[in-house]
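Starting from 1, each residue takes its place in the sequence as its number. Note that this is a predicted model, so its numbers are computed, not measured. Only this structure's heavy atoms are used, side chains among them; waters, hydrogens and symmetry mates stay out.
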Amino acid sequence: MSATLIPETGSAASTLRRNFWQGVWRVMRRKPSRLVGVVILAGFVVMAVLGPMLLPDPLPNDPTAITRPPSWEHWLGTDPQGRDVLALVVTGSRYVLLTAAITAVITVVVGTSIGLFSGFKRGRWDTVLMRLTDMKLTIPGLPLLLVLATVWRFGSPWQMGLVLGLLGWGGVARAVRSQTLSLRERGFIEAARGLGLSTTHIIGKELLPSMAPYIAMNMLISVTGAVYSQVGLFFLGVLPYESDNWGVMLNLAVFQAGALITPNALGYLLGPLLAILLLTLAIVLVVDAMDEIFNPRLREE
């Protein structure tokens, strides 16, 4: 009997996967800009992973080409040390994207875990965890980072990602708790409780898959927030310049190269700004596609 059931189960799963990817392709084709967003996002990931490996470390200086405007040789010009700005953008992308990825993972894992458990258990667990979340939300991020910068150099993206992640999970926990409260009254959760299934099983096997699209979109949005936060902190000079970073480039372009008053240095300012703009645009387009893929009402429209 099992010999006949296993092929049928495998065939059904294969059909579901095929239908899912066909639906994804239809959503993408409906608005080609979403495909553009996926391509740009993939391009940034490839650039951050492979780009620094293909460039010399450190980047060569050219004393004869200090703060030059864009040209065929240097598409975004050169910085005050004669280094190619485009190469600086590429090498700086690794720190920015790795920090953003670490921040997003920590934010979503911690926020989702607390929100799911709090919303499902209710009672004293909910009270304690939400008071903890409220306390976390009242912690001012910038002053805390100023204090941490006196003992931590933030030269590693792991350090920066860890701090930003631990500072950013409160909003996700609150949002996930609200979603969990609406799902815990649904029939399939009531049935799971009626069958006597454990809390771990219900949260991990029933609630979590239902919230996976919502969590994935929160992760992408967290990436955008992490990029803004770290670039802003480095631009303001709050953190020491111990890494290649788009925020450091912006700071040096404005306060060292005088990009706001020197046309030759304009490429040094526009390089990281264009990179941030394109990355944010790509994430917005991908989130838009995910919203339609996982929202049945939007798919029907």
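- By the ring-ring contact (aromatic ring centres under 6.0 Å, His included) test, F120 is found to be paired with no residue, residues two or more places apart in sequence or in another chain being considered.
- Under the 4.5 Å side-chain heavy-atom criterion for Ile, Leu, Val, Met, Phe, Trp and Tyr, L273 and L236 are members of the same hydrophobic cluster.
- In terms of hydrophobic clustering, with Ile, Leu, Val, Met, Phe, Trp and Tyr side chains grouped at heavy-atom distances under 4.5 Å, M219 and M211 are assigned to a common cluster.
- The two residues I202 and A192 make their nearest non-hydrogen contact at CG1-CB, 3.9 Å.
- The minimum heavy-atom distance linking S93 with A48 is given by the pair OG-CA, 3.5 Å.
- Taking 4.5 Å as the limit, every side-chain heavy atom of F117 sits out of range of all side-chain heavy atoms of T180.
- More than 12 heavy atoms of other shown residues, nucleotides or ligands fall within 6.0 angstrom of atom CD in E190.
- In the hydrophobic clustering of ILVMFWY residues, with side-chain heavy atoms under 4.5 Å counting as a link, V46 and L35 come out apart.
- Checking N264 against T262 by side-chain atom types alone, no donor-acceptor pair falls below 3.5 Å.
- Closest non-hydrogen pair, T91 versus P52, comes out as CA-CG, 4.1 Å.
- When side chains are defined from C-beta on, T224 does not count as touching L220, because their heavy atoms never get closer than 4.5 Å.
- The two residues V227 and A100 have their closest heavy-atom pair at CG2-CB, 3.9 Å.
- Side-chain atoms of F234 and M249, non-hydrogen and from C-beta on, never get closer than 4.5 Å to each other.
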### Task
Kindly determine whether V248 and V231 satisfy side chain to side chain contact (heavy atoms under 4.5 Å, CB included), including the steps that lead there.
CA-CA 7 Å; V248 175; V231 169; over 6 Å; no

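- In the hydrophobic clustering of ILVMFWY residues, with side-chain heavy atoms under 4.5 Å counting as a link, I40 and V45 come out apart.
- Tested against T99 for a side-chain contact (heavy atoms from CB on, under 4.5 Å), the candidates Q230, Q159, R94 yield a single pass: Q230.
- Listed by chain and number, the residues in a salt bridge (Lys or Arg N to Asp or Glu O under 4.0 Å) with R186 amount to none (sequence neighbours excluded).
- From S113, atom OG reaches atom CD1 of I203 across 9.0 Å, with rounding to the nearest 0.5 Å.
- At distances below 3.5 Å, not a single donor-acceptor pair connects side-chain atoms of T103 with backbone N or O atoms of L164.
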### Message
For M130 and I114: C-alpha separation, side-chain torsions, deciding distance, then whether side chain to side chain contact (heavy atoms under 4.5 Å, CB included) applies.
### Response
CA-CA 9 Å; M130 284 303 102; I114 292 178; 4.3 Å; yes

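- Between Y228 and F235, the ring center distance fails the sub-6.0 Å criterion.
- Here the CG atom belonging to L162 is positioned 11.0 Å from the CE atom belonging to M160, to the nearest 0.5 angstrom.
- In this structure, the side chain of N218 engages the main chain of Y214 through a donor-acceptor pair within 3.5 Å.
- Here the side chains of T78 and I66 are not in contact, with every heavy-atom distance at 4.5 Å or above.
- Of the possible polar contacts, one joining the R184 side chain to the G119 backbone as a donor-acceptor pair under 3.5 Å is found.
- Under a cut-off of 6.0 angstrom, the local environment of CG in L195 is crowded, with over 12 non-hydrogen atoms contributed by other residues, nucleotides or ligands.
- Under the 4.5 Å side-chain heavy-atom criterion for ILVMFWY residues, a single connected hydrophobic cluster contains both V36 and L278.
- For the pair G111 and V176, the tightest heavy-atom approach, listed with the atom from each and the gap, is O-CB, 4.4 Å.
- Taking CG of L167 as the reference point, atom OG of S229 lies at 9.0 Å (rounded to 0.5 Å).
- A search for salt bridge (Lys or Arg N to Asp or Glu O under 4.0 Å) contacts involving D134 returns R131, R174, not counting sequence neighbours.
- A side-chain donor-acceptor contact under 3.5 Å links S118 and D126.
- The distance from atom NE2 of H201 to atom CD of E206, rounded to the nearest 0.5 Å, is 5.0 Å.
- The side-chain heavy atoms of K31 and L285, taken from C-beta on, include no pair separated by under 4.5 Å.
- Two residues are said to be in side-chain contact when any heavy atoms from C-beta on lie closer than 4.5 Å; L281 and L277 fail this criterion.
- In this structure the side chain of Y268 never reaches within 4.5 angstrom of the side chain of L76, judged on heavy atoms.
- Screening D62, D79, D84 for a side-chain hydrogen bond (donor to acceptor under 3.5 Å, both in side chains) involving H74 leaves a single residue, D84.
- Heavy atoms only, all atoms of each residue included: P157 and I102 are closest at O-CD1, 3.9 Å.
- A donor-acceptor pair is defined here as one N or O able to donate and one able to accept, closer than 3.5 Å; no such pair exists between the side chain of T112 and the backbone of V109.
- Within the 3.5 Å criterion, the main-chain N or O of L166 finds a donor-acceptor partner in the side chain of W169.
- Here CZ of F44 is found 5.0 Å from CG of L279. Values are rounded to the nearest 0.5 Å.
- At least one donor-acceptor pair under 3.5 Å links the side chain of W246 to the backbone N or O of V89.
- Rounded to the nearest 0.5 angstrom, N251 CG and N245 CG are separated by 10.5 Å.
- Q81 has its side chain out of reach of T67: every pair of non-hydrogen atoms, C-beta onward, lies at least 4.5 Å apart.
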### Task
Any chance you could lay out the side chain to side chain contact (heavy atoms under 4.5 Å, CB included) test for V286 and M290, step after step, and finish with the verdict?
CA-CA 6 Å; V286 172; M290 290 178 66; 4.1 Å; yes

